[in-house]
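Start at 1 with the first residue, then count along the sequence. These figures come from a predicted structure and were not determined experimentally.
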Amino acid sequence: MHSAQPSRSPQPPAAAANPTQQKLNHIMDPATPLCRDEVVWILEYIKKKVAEEDPNLLSLPQPRLLQNFRYFAEVALMLIQRRNGFDQEADRLKKWVTEASHGLIPQERNR
């Protein structure tokens, strides 16, 4: 005779179980200030998506791609020039990160 195993609860939604999606949600949350490590992380994420030729990027029109690049460069330069000045530029930095990642964030594509 074998013992009955407890029933397993259903799997959590994919977005909740995916650490990358959780990190993206945290970074893109308008109420969350960004630290330097998060800014570097999102720039690396964007770079990876570009290198992989993400289909979501390929579907963007060229003017939008140029905007993405412009804001990517702005964020990168802020990292280089301002060491720890994120507190003073928090709103601007959040906007630039959002613009640089346009079309790449899964929740954004569902809007």
Side-chain angles (χ1 to χ4, degrees):
M1 187 158 119
H2 64 282
S3 62
Q5 293 183 356
S7 64
R8 294 182 182 182
S9 60
Q11 293 289 340
N18 182 341
T20 299
Q21 185 61 45
Q22 288 177 339
K23 182 85 167 180
L24 288 169
N25 290 344
H26 173 76
I27 289 172
M28 301 311 287
D29 180 357
T32 304
L34 296 175
C35 70
R36 183 178 182 86
D37 289 343
E38 291 167 335
V39 175
V40 170
W41 187 92
I42 193 71
L43 290 177
E44 289 175 350
Y45 175 82
I46 294 167
K47 182 184 91 171
K48 179 179 181 259
K49 291 298 187 176
V50 170
E52 293 173 349
E53 296 183 11
D54 185 288
N56 295 304
L57 270 179
L58 295 175
S59 68
L60 293 175
Q62 187 176 10
R64 181 63 240 187
L65 287 172
L66 290 172
Q67 280 186 300
N68 282 31
F69 176 75
R70 173 187 166 214
Y71 287 105
F72 182 93
E74 293 282 4
V75 172
L77 285 171
M78 182 180 277
L79 274 175
I80 293 167
Q81 296 171 348
R82 303 221 182 176
R83 305 278 185 244
N84 296 320
F86 294 136
D87 295 343
Q88 301 153 359
E89 304 276 348
D91 291 338
R92 185 183 312 180
L93 181 61
K94 184 66 85 165
K95 178 185 185 286
W96 288 353
V97 164
T98 301
E99 292 294 333
S101 62
H102 179 86
L104 289 174
I105 310 299
Q107 71 185 47
E108 179 181 276
R109 291 191 300 258
N110 295 331
R111 287 184 194 167

**Request:** With rounding to the nearest 0.5 Å, note down the distance linking CG in Leu93 to CG in Leu34.
**Result:** 5.0 Å
**Prompt:** Any sub-3.5 Å donor-acceptor pair from Asn56's side-chain atoms to Leu104's backbone N or O?
**Reply:** no
**Residue list, salt bridge (charged side-chain N to carboxylate O under 4.0 Å, His left out) with Lys49, at least two apart or on another chain** = Asp54
**NE2 on His26 to CG on Leu24, rounded to 0.5 Å** = 11.0 Å
**Request:** For Thr32, enumerate each residue passing the side chain to side chain donor-acceptor pair (under 3.5 Å) test, keeping only those at least two apart in sequence or located in another chain.
**Result:** Asp29
**Message:** Just to verify, what does Ala100 make a side-chain contact (heavy atoms from CB on, under 4.5 Å) with, not counting sequence neighbours?
**Reply:** Ile46, Tyr71, Phe72
**Asked** Taking only residues two or more places apart in sequence, or in another chain, which ones meet Lys48 in a side-chain contact (heavy atoms from CB on, under 4.5 Å)?
**Response** Glu52
**Request:** Measure the CZ-NE2 distance between Arg64 and His102 for me, rounded to the nearest 0.5 Å.
**Result:** 4.5 Å
**Message:** What's the separation between atom CE in Met78 and atom CG in Leu43, rounded to the nearest 0.5 Å?
**Reply:** 11.5 Å
**Item:** Asn25 and Gln21, any side-chain heavy atoms less than 4.5 Å apart
**Value:** yes
**Request:** Could you tell me which residues satisfy side chain to side chain donor-acceptor pair (under 3.5 Å) with Glu74, sequence neighbours excluded, listed by chain and number?
**Result:** none
**Message:** Quick check for you: to the nearest 0.5 Å, what is the distance between Arg36 atom CZ and Leu79 atom CG?
**Reply:** 5.0 Å
**Prompt:** Who pairs with Arg70 by side chain to side chain donor-acceptor pair (under 3.5 Å), at least two apart in sequence or on another chain?
**Reply:** none
**Verdict with supporting geometry, Asn68 and Leu57, side chain to side chain contact (heavy atoms under 4.5 Å, CB included)** = CA-CA 10 Å; Asn68 282 31; Leu57 270 179; 4.0 Å; yes
**Item:** Under 3.5 Å: donor-acceptor pair, side chain of Lys23, backbone of Asn18
**Value:** no
**CD on Glu38 to NZ on Lys94, rounded to 0.5 Å** = 7.5 Å
**Request:** Please report the shortest heavy-atom distance between Ala31 and Pro33, naming the atom on each side.
**Result:** O-CD, 3.4 Å
**Prompt:** According to a 4.5 Å side-chain heavy-atom criterion applied to Ile, Leu, Val, Met, Phe, Trp and Tyr, with indirect links allowed, do Val40 and Tyr45 form part of one hydrophobic cluster?
**Reply:** yes
